[in-house]
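Here is the naming used below: chain letters follow the sequence lines, and residue numbers restart at 1 for every chain.
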There are 2 protein chains.
Amino acid sequence: MSRILVVDDDRQLLRALRINLIARGYDVVLAPDGATALAAASRQPPDLVVVDLGLPDMDGVEVVQGIRGWSTAPVIVLSARHLEQSKVRALDAGADDYVTKPFGMDELLARVRAALRRAAPAVQEPVVETETFTIDLGARRVVRDGADVRLTPTEWHLLEVLVRNSGRLVSQRQLLQEVWGPRYESETNYLRVYVAQLRAKLEPDPSRPRYLHTEPGMGYRFTS
Amino acid sequence: MSRILVVDDDRQLLRALRINLIARGYDVVLAPDGATALAAASRQPPDLVVVDLGLPDMDGVEVVQGIRGWSTAPVIVLSARHLEQSKVRALDAGADDYVTKPFGMDELLARVRAALRRAAPAVQEPVVETETFTIDLGARRVVRDGADVRLTPTEWHLLEVLVRNSGRLVSQRQLLQEVWGPRYESETNYLRVYVAQLRAKLEPDPSRPRYLHTEPGMGYRFTS
DNA sequence: GTCAATCTTGACGGTTTCTTGACGGTGCGG
DNA sequence: CCGCACCGTCAAGAAACCGTCAAGATTGAC
């Protein structure tokens, strides 16, 4: 079962959380402060972290950052209502969810389930290999000639949609909708620009596409 | 039919939405505030959520997050024009689309349809195989001798109509109407030109059609 | 604040696709 | 045999579409 690291300086809350989480079958690791938490996390990598923002030794945000540095485990932040500012910073730092104190145990447990479920899709993401490059959807990496290809967020997003529909024609509407949002359905200029950029980075000969094919008037198709 | 959860504190708008959505055959659940909405959503998981950003008890963004925690149902956000900031945050939180108040009912209904269509699992489109070529309707692809056959949008559209009516005679009127629109019902020149192009690309011997048969004075018939 | 990276936007030329009309072939009925 | 209706063929001009480039605008890092 999943291992959950709980970081809080309130001993009473810590005990309550431990009891409830263990009752749900989770493996629980406790830490009263940030330093202990980071140490514990490196020894026993957790699948999820619950961290209070008001810690004695360091800001909870630092804990979030410290964990995000090497783990993709979801982080749920606990905070008192008056710490709006920290809350925002924590989310920016990579927290996945936050719960305002005081909170009901059921609510927290629900959020834990949700966060784990969201993270769970550890379903083997496909790796697409061509003669020229390799795309690892799970790792968000593209390797060509042994070196990482640098893609901007938008380039990656576009490539991802095309690759997930490998072999299938993806209409311009659908691409714009998935990458730029529902309100850009007719702005085909974006597509032209970004497809060109992807080709420049991936195709052996960008002027004669081998993987990113254009179907005039319809859309684009990725072929491995 | 799809169940739609509508969250808004404007009773008049709520009523208008209910009437219009029900009229379209949707199952509607209403909630005047965030807490009620989340409770209702957990009892009756909706297929789509329409939520106003200006709620009395909590920020609409929180509602979006709350729903996103355990559901993948599309979320459409309603917002007043001056709340640009919240709108962005709502989309970041996982909203699928937003509509600015005041809005026309038709626009909202259209976006509801679009969101539901997008969320709908892709139906398994049939693959038609002949001795000469293979037509994959879902992938929008025709393969012949191991190579992709390039079809223009109009060619594809015409072929699609014929294949979906495989074995049946399709009248010229119907073909013109479906491919070129209702105003071209008598322009049979298009048909002659495009049927010829399809035959050139698909038939082993275009002068002796094996798949795309002409029924003089009536229409065309695709036979696999 | 500055700086770099990324995104957005518009214009241009080349290419693909669509439209249109004319011509010839075929089959049927007179 | 001849005329007519219908279909197949072809090609050229028009229209739509795409690739390309570069200059602002925006964003985020420092």
Side-chain angles (χ1 to χ4, degrees), chain A residues 65 68-69 88-89 91-94 148-159 162 169-173 175-176 178-181 183-203 205-221, chain B residues 84-85 88-89 91-92 140 148-159 162 169-173 175-176 178-181 183-203 205-221:
Chain A
Q65 286 173 327
R68 261 298 119 72
V88 172
R89 286 196 299 125
L91 287 172
D92 285 343
D148 275 25
V149 179
R150 281 183 53 99
L151 295 182
T152 70
T154 306
E155 285 166 6
W156 173 262
H157 202 347
L158 176 60
L159 179 64
L162 286 167
L169 174 80
V170 188
S171 72
Q172 295 162 350
R173 273 181 68 115
L175 287 170
L176 287 163
E178 298 223 20
V179 179
W180 281 270
R183 309 198 63 105
Y184 293 82
E185 280 187 358
S186 56
E187 188 49 76
T188 62
N189 222 349
Y190 290 140
L191 281 180
R192 296 210 296 275
V193 171
Y194 277 90
V195 166
Q197 283 172 197
L198 281 179
R199 282 181 180 147
K201 294 181 178 181
L202 299 180
E203 293 279 359
D205 177 1
S207 64
R208 310 194 334 74
R210 184 170 160 189
Y211 305 105
L212 259 50
H213 299 282
T214 303
E215 310 256 337
M218 300 201 283
Y220 293 88
R221 184 197 310 272
Chain B
E84 286 294 330
Q85 200 54 30
V88 172
R89 287 196 298 125
L91 288 172
D92 284 343
R140 281 210 164 200
D148 277 27
V149 179
R150 287 192 53 127
L151 295 183
T152 71
T154 307
E155 286 165 7
W156 172 264
H157 204 345
L158 177 59
L159 179 64
L162 286 167
L169 171 73
V170 188
S171 73
Q172 295 167 348
R173 274 183 67 114
L175 287 171
L176 286 162
E178 296 225 20
V179 179
W180 281 270
R183 303 191 309 166
Y184 294 82
E185 280 187 359
S186 56
E187 187 50 76
T188 62
N189 219 351
Y190 288 141
L191 279 180
R192 295 209 297 276
V193 171
Y194 276 91
V195 167
Q197 284 175 348
L198 279 179
R199 282 179 179 149
K201 293 181 178 180
L202 299 179
E203 293 280 359
D205 178 1
S207 63
R208 304 167 138 276
R210 185 171 161 188
Y211 305 105
L212 260 50
H213 300 283
T214 303
E215 309 259 340
M218 311 276 289
Y220 293 89
R221 183 198 309 271

Keeping to residues at least two apart or across chains, list the salt bridge (charged side-chain N to carboxylate O under 4.0 Å, His left out) pairs with something in residues 191-203 of chain B.
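Those involving residues 191-203 of chain B are B:Glu155-B:Lys201.
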Taking atom [atom2] of [N] as reference, at what distance in whole Å does atom [atom1] of [X] sit?
{"X": "B:Leu191", "N": "D:dG8", "atom1": "CG", "atom2": "P", "result": "10 Å"}
{"X": "A:Tyr220", "N": "C:dT16", "atom1": "OH", "atom2": "P", "result": "14 Å"}
{"X": "B:Trp156", "N": "D:dC17", "atom1": "CH2", "atom2": "C1'", "result": "20 Å"}
{"X": "B:His213", "N": "D:dC6", "atom1": "NE2", "atom2": "P", "result": "22 Å"}
{"X": "A:Glu215", "N": "D:dG19", "atom1": "CD", "atom2": "C1'", "result": "16 Å"}
{"X": "A:Leu198", "N": "D:dT20", "atom1": "CG", "atom2": "P", "result": "12 Å"}
{"X": "B:Met218", "N": "D:dC6", "atom1": "CE", "atom2": "P", "result": "13 Å"}
{"X": "A:Arg199", "N": "D:dC21", "atom1": "CZ", "atom2": "P", "result": "13 Å"}

Side chain to side chain donor-acceptor pair (under 3.5 Å) against A:Ser186, all qualifying residues, sequence neighbours excluded
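Scan of A:Ser186 (side chain to side chain donor-acceptor pair (under 3.5 Å), adjacent residues dropped) gives none.
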How would you list, by chain and number, every residue that makes a side chain to side chain donor-acceptor pair (under 3.5 Å) with A:Arg173, sequence neighbours excluded?
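By the side chain to side chain donor-acceptor pair (under 3.5 Å) rule, A:Arg173 matches A:Glu185.
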Quick tally for nucleotides 17-30 of chain C: nucleotides whose base has a protein heavy atom under 4.0 Å get B, sugar-phosphate-only ones S, the rest -, giving SBBBB---------
What string of B, S and - do you get for nucleotides 24-30 of chain D, 5' to 3', when a contact is any protein heavy atom under 4.0 Å?
-------
Calculate, to the nearest 0.5 Å, the distance between atoms CG and CD belonging to A:Leu151 and A:Gln197 respectively.
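Separation between the atoms: 10.0 Å.
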Looking at residues at least two apart in the chain, or sitting in another chain, which of them share a ring-ring contact (aromatic ring centres under 6.0 Å, His included) with A:Tyr194?
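Partners of A:Tyr194 under the ring-ring contact (aromatic ring centres under 6.0 Å, His included) test: A:Trp180.
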Applying side-chain contact (heavy atoms from CB on, under 4.5 Å) between A:Tyr220 and each of A:Leu212, A:Leu198, A:Leu175, report the one that passes.
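With A:Tyr220 as partner, A:Leu212, A:Leu198, A:Leu175 yield a single side-chain contact (heavy atoms from CB on, under 4.5 Å), made by A:Leu175.
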At their closest point, which heavy atom of A:Ala200 faces which heavy atom of A:Pro206, and how far apart are they?
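Heavy atoms only, the tightest pair is CA-CG, 4.0 Å.
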Would you say the side chain of B:Ser171 lies within less than 4.5 Å of the side chain of B:Leu169, judging by non-hydrogen atoms?
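SC-SC contact between B:Leu169 and B:Ser171 ruled out.
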Below 4.0 Å: OP1/OP2 of D:dG8 and any side-chain N or O of B:Ser207
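For D:dG8, neither OP1 nor OP2 has a side-chain N or O of B:Ser207 closer than 4.0 Å.
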Could you walk me through whether B:Glu178 and B:Val170 pass the side-chain contact (heavy atoms from CB on, under 4.5 Å) test, one step at a time?
CA-CA 11 Å; B:Glu178 296 225 20; B:Val170 188; over 6 Å; no
